Amino acid sequence: MQRIGVFVCHCGTNIAATVDVKAVAEALGHEAGVVISQDYQYMCSESGQNLVKDAIKEHNLSGVVICSCSPRMHENTFRKAAAAAGLNPYMVEIANIREQCSWIHKDIATATEKAVILGRAAIAKVHLNAPLTAGESPVVKRALVIGGGIAGIQTALDIAEAGFDVDIVEKSPTIGGKMAQIDKTFPTLDCAACILTPKMVEASQNEKIHIHSYSEVSDVKGFVGNFSVTIKKKARFVDELKCTGCGLCTEKCPMKKVPNDFNLGLDNKTAIYIPFAQAVPKVATIDPEYCIMKKTGKCGLCSKVCSAGAIDYNQEDKFVEEKYGAIVVATGFNPIKLDKYDEFAYNQCADVVTSLELERLMNAAGPNGGTLLRPSDKTHPHKIVFVQCVGSRCDDSKGKPYCSKICCMYTAKHAMLIREKYPDTEVYVFYIDVRTPGKNFDEFYRRAVEQYNVHYIKGMVGKVTPKADGKIDVQASDLLSNEQLHIDADMVVLAAAIEPDKTARPLATMLTTQMDTNDFFTEAHPKLRPVESATAGIFLSGACQGPKDIPETVAQASAAAAKAIGLLCKNSITCNPCVAHADELMCNGCSSCEKVCPYGAITYQDKEFRMPNRTIAVRRVASVNPAVCQGCGACTVACPSGAMDLNGFSNKQIMAEVDAICK
């Protein structure tokens, strides 16, 4: 007979304001097997934990039920307390009467009744609980960083500084990410390349960091401490080890009208190219879509002029498999496409550009050598209109419901730089709200208004219309003066919303981690575990988790690195004992469980069974590797014969909870 102790938490007023805690404790005290039931204001506090420890010893408890907040918060806390008192930690159950009860009900009677039911279900499960023992699994002392922007670079540098090997996988031919395309950074207006380039060089020269550029992750298997990752290294048609980055091939290539991705299509590049002068690695890449040799078999000029013999037209994609103890996701962001925003004439007028395109137009390494010229006729613009929140904070069907966070600040930066370099240019900014949540950010915005005389107008731009004389008619409203405005602009700059990189969604599927409805990776807890994903061993860095500026991105990158280092420092980690197992007598060898297992923990083997008539039959049965199984339970649902079960969450335990709820 089980001897169960029940402890009901007030959680301040989080639970007690809606649930009659004392009534819950009293009601659960009458359940079969319960020898003590009491309430306490803060069960997670030291005194609350001591209350549990003392009760275990005094009443010789064989099981404990804590009615409190989500087990994601404090299940580990109470398990440690139980273990310290000599009770197996897996004899502790959490009844979530906060998130699943008090926070979603307003009526005290209803919430109290539900809290009693949830507690009763937990008690029913404890009756069937059995002590479990956690095993150990070794940790591979190597980390993987997916994404080579400033977030990925900073994370890799910090992990390498701790003495661990780390691989960076970057889909582009060079690391650097979006920051490499930016001219100046706010609020200090220092050169982005001057900050980023030393980091890129440091990463390339660090013997602990291995850069897989022009590559992507194609498969992920395994679990925390022991991930097996397949990396696809796309064919550059240039040998990285031989190429010296001299650039002679790019000068001689006859195909010179290839849209330049790095400059966002504002100018052209050659079919063989180096993205930008400070690229790391500084290795040429052939675009097979435009290369004459790849398309027709004729030309080969780049091969002829390459003294290093680095050109290899027959190069193929390669697949590399590596083992990692921790994975950091740093996949970054992209501006949204503006195809749905015809009112701004983005696709009709070359002089309507996005903010990132303006960055390239103003950059010394950009298409105009740092001189701001209109894309249409290469003349100097004298009147520029900025439109804020294009695709941000709007209807889901057209844009993004969230604030992109960085737009207000980089628009202020652009306005200041234009007014400083071209005092004869008038700058108008149409905004909904100006948001400046950062150190010295508000002062920066005020400089744009007060020192540089940028015209900030609170209002919406309704329509942008190109005119025959080359001007652009901007029709807008001034909400403060309640006037309709028409501005004849030379250029219009759209602050496009940002969204996660398109690789994020398939990557999340491979990593078996969670994303929100906007395809940003979801952290394990927004306050207590902001750089960890819900999947153990997977950490989040930078804008893959949500919109961030550069300082915030770098801070989170270092935080993710610290978490990864904490994992890599361990020689082994404690495994989850709540793993699946197969009843060999019931298993029919159908492979349903093997197909749904995301960790590859299930294999099949032929086993001999002695029959009642003394004959021996050989049957194919499932076998679970407990070191690989993560206890997700997918196999137990898929098994048609009911042979698969899960330690700690067996079918009998779950049904006992259901029966307790329904009685």
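Small disclaimer: the values here were computed from a predicted structure and weren't measured. FYI, side chains are in, hydrogens and waters are out, and symmetry mates aren't considered; it's all heavy atoms of this structure. This chain uses plain numbering: 1 for the first residue, then up along the sequence.
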Query raised in the report: Quick check: does any side chain N or O of Q545 sit under 3.5 Å from a backbone N or O of P530, one acting as donor and the other as acceptor?
Result: yes
Requested in this report: Side-chain contact test, heavy atoms from C-beta onward, threshold under 4.5 Å: evaluate it for I384 versus L372 and give yes or no.
Outcome: yes
Requested in this report: Could you name each residue pair satisfying ring-ring contact (aromatic ring centres under 6.0 Å, His included) that touches residues 485-517, not counting sequence neighbours?
Outcome: none
Report task. Measure from the side-chain N and O atoms of D377 to the backbone N and O of T379, and report whether any donor-acceptor pair falls under 3.5 Å. Result -> yes
Report summary line: Tightest non-hydrogen contact, residues S213 and T174, listed as CB-N, 4.4 Å
Query raised in the report: Quick one: are the ring centres of F262 and Y273 less than 6.0 Å apart?
Result: no
**Report entry** Distance-minimising heavy-atom pair for I418 and V427
**Finding:** CG2-CG2, 4.0 Å
Report task. Measure across E450 and N453 and return the closest heavy-atom pair with its distance rounded to 0.1 Å. Result -> O-OD1, 3.8 Å
Query raised in the report: Is the count of non-hydrogen atoms from other residues, nucleotides or ligands lying under 6.0 Å from M510 atom CE greater than 12?
Result: yes
Query raised in the report: Is there side-chain contact between S392 and K405, with at least one heavy-atom pair below 4.5 Å?
Result: no
Query raised in the report: Taking it one step at a time, do I286 and M293 satisfy side chain to side chain contact (heavy atoms under 4.5 Å, CB included)?
Result: CA-CA 10 Å; I286 292 177; M293 186 67 181; over 6 Å; no
Report task. Would you kindly say whether E426 and Y428 are connected by a side-chain donor-acceptor distance under 3.5 Å? Result -> yes
Requested in this report: Look at atom NZ of K256 and say whether more than 12 heavy atoms of other residues, nucleotides or ligands are closer to it than 6.0 Å.
Outcome: yes
Query raised in the report: Mind checking whether M416 and F444 have side chains closer than 4.5 Å, heavy atoms only?
Result: yes
Query raised in the report: Crowded around K439 NZ? As in, over 12 foreign heavy atoms under 6.0 Å?
Result: no
Query raised in the report: Counting distance only, does the side-chain N/O of S533 pair as donor-acceptor with the main-chain N or O of E523 below 3.5 Å?
Result: no
**Report entry** Basic-acidic side-chain contact under 4.0 Å: D167, R142
**Finding:** yes
Query raised in the report: Is a donor on one side and an acceptor on the other found under 3.5 Å between the side chain of Q556 and the backbone of V531?
Result: no
Query raised in the report: Should we say atom NZ of K252 is surrounded by more than 12 heavy atoms from elsewhere, each under 6.0 Å from it?
Result: no
Report task. Examine distances only and state if a side-chain atom of R374 and a backbone atom of D490 form a donor-acceptor pair shorter than 3.5 Å. Result -> yes
Query raised in the report: Would V390 and F344 count as a side chain to side chain contact (heavy atoms under 4.5 Å, CB included) if you check the C-alpha gap in whole Å, the side-chain angles of each, and the deciding distance to 0.1 Å?
Result: CA-CA 9 Å; V390 178; F344 297 125; 3.8 Å; yes
Query raised in the report: Is the number of heavy atoms from other residues, nucleotides or ligands under 6.0 Å of E207 CD greater than 12?
Result: no
**Report entry** Side chains of M491 and L361 in contact at under 4.5 Å (non-hydrogen atoms)
**Finding:** yes
Query raised in the report: Under a 4.5 Å cut-off applied to non-hydrogen side-chain atoms, are N363 and R360 in contact?
Result: yes
Query - Under 3.5 Å donor-acceptor, S404 side chain and I406 backbone - result: no
**Report entry** Nearest-0.5 Å distance, CE of residue M179 to CD1 of residue I150
**Finding:** 5.0 Å
Requested in this report: Using a strict cut-off of less than 4.0 Å between a Lys/Arg side-chain nitrogen and an Asp/Glu carboxylate oxygen, indicate whether E359 and K413 qualify as a salt bridge.
Outcome: yes
Report summary line: Interatomic distance, CE@M515 vs CZ@F520, rounded to 0.5 Å, equals 9.0 Å
Requested in this report: Check whether any side-chain N or O of K400 sits under 3.5 Å from a backbone N or O of E499 as a donor-acceptor pair, and report yes or no.
Outcome: no
Query raised in the report: Do side-chain atoms of N206 reach the backbone of K208 as a donor and acceptor pair under 3.5 angstrom?
Result: yes
Report summary line: In this structure, CG of N368 is separated from CE of M362 (nearest 0.5 Å) by 11.5 Å
Query raised in the report: Should the pair D519-R505 be classified as a salt bridge under the 4.0 Å nitrogen-to-oxygen rule?
Result: yes
Report task. Establish, from distance only, whether the side-chain atoms of T411 and Q388 form a donor-acceptor pair under 3.5 Å. Result -> yes
Report task. Rounded to the nearest 0.5 Å, what's the gap from CG on L511 to OG1 on T513? Could you check? Result -> 7.0 Å
**Report entry** Atom CG of N482: over 12 foreign heavy atoms under 6.0 Å
**Finding:** no
Requested in this report: Please name the pair of heavy atoms, one in S355 and one in H414, separated by the smallest distance, quoted to 0.1 Å.
Outcome: O-CE1, 3.6 Å
Report task. Applying ring-ring contact (aromatic ring centres under 6.0 Å, His included), name anything that partners H380, two or more places apart in sequence or on another chain. Result -> H382, Y422
Query - Flag, side chain of D317 to backbone of A235, donor-acceptor distance under 3.5 Å - result: yes
Query - Criterion side chain to side chain contact (heavy atoms under 4.5 Å, CB included) on K563 and L567, from CA distance to verdict - result: CA-CA 7 Å; K563 286 292 183 180; L567 171 58; over 6 Å; no
Query raised in the report: Which atom pair, heavy atoms only, marks the closest approach of Y341 to K398?
Result: OH-O, 2.8 Å
Report task. Measure the spacing between CZ of F237 and NZ of K294 and express it to the nearest 0.5 Å. Result -> 4.0 Å
Query raised in the report: Can you name the closest pair of heavy atoms from I311 and C306 and give their distance?
Result: CG1-CB, 4.0 Å
Query raised in the report: Is there side-chain contact between D549 and F441, with heavy atoms separated by less than 4.5 Å?
Result: yes
Requested in this report: Please assess L144 against F227 for the test side chain to side chain contact (heavy atoms under 4.5 Å, CB included), listing each intermediate value before the final yes or no.
Outcome: CA-CA 9 Å; L144 170 66; F227 293 103; over 6 Å; no
**Report entry** Side-chain heavy-atom pair S558, Q154 within 4.5 angstrom cut-off
**Finding:** yes
Query raised in the report: Is there a donor in the side chain of D442 and an acceptor in the side chain of T436, or the other way round, less than 3.5 Å apart?
Result: yes
Query raised in the report: Just how far is it from atom CZ of F430 to atom NE2 of H455, taken to the nearest 0.5 Å?
Result: 10.5 Å
Query raised in the report: Can we call the ring centroids of Y410 and F186 under 6.0 Å apart?
Result: no
Query raised in the report: More than 12 heavy atoms of other residues, nucleotides or ligands under 6.0 Å from CD of E161: is that the case?
Result: no
**Report entry** Close side-chain approach of P500 and T331, heavy atoms under 4.5 Å
**Finding:** no
Report task. Return yes if some donor-acceptor pair links the side-chain N/O of R419 with the main-chain N/O of P423 below 3.5 Å, else return no. Result -> yes
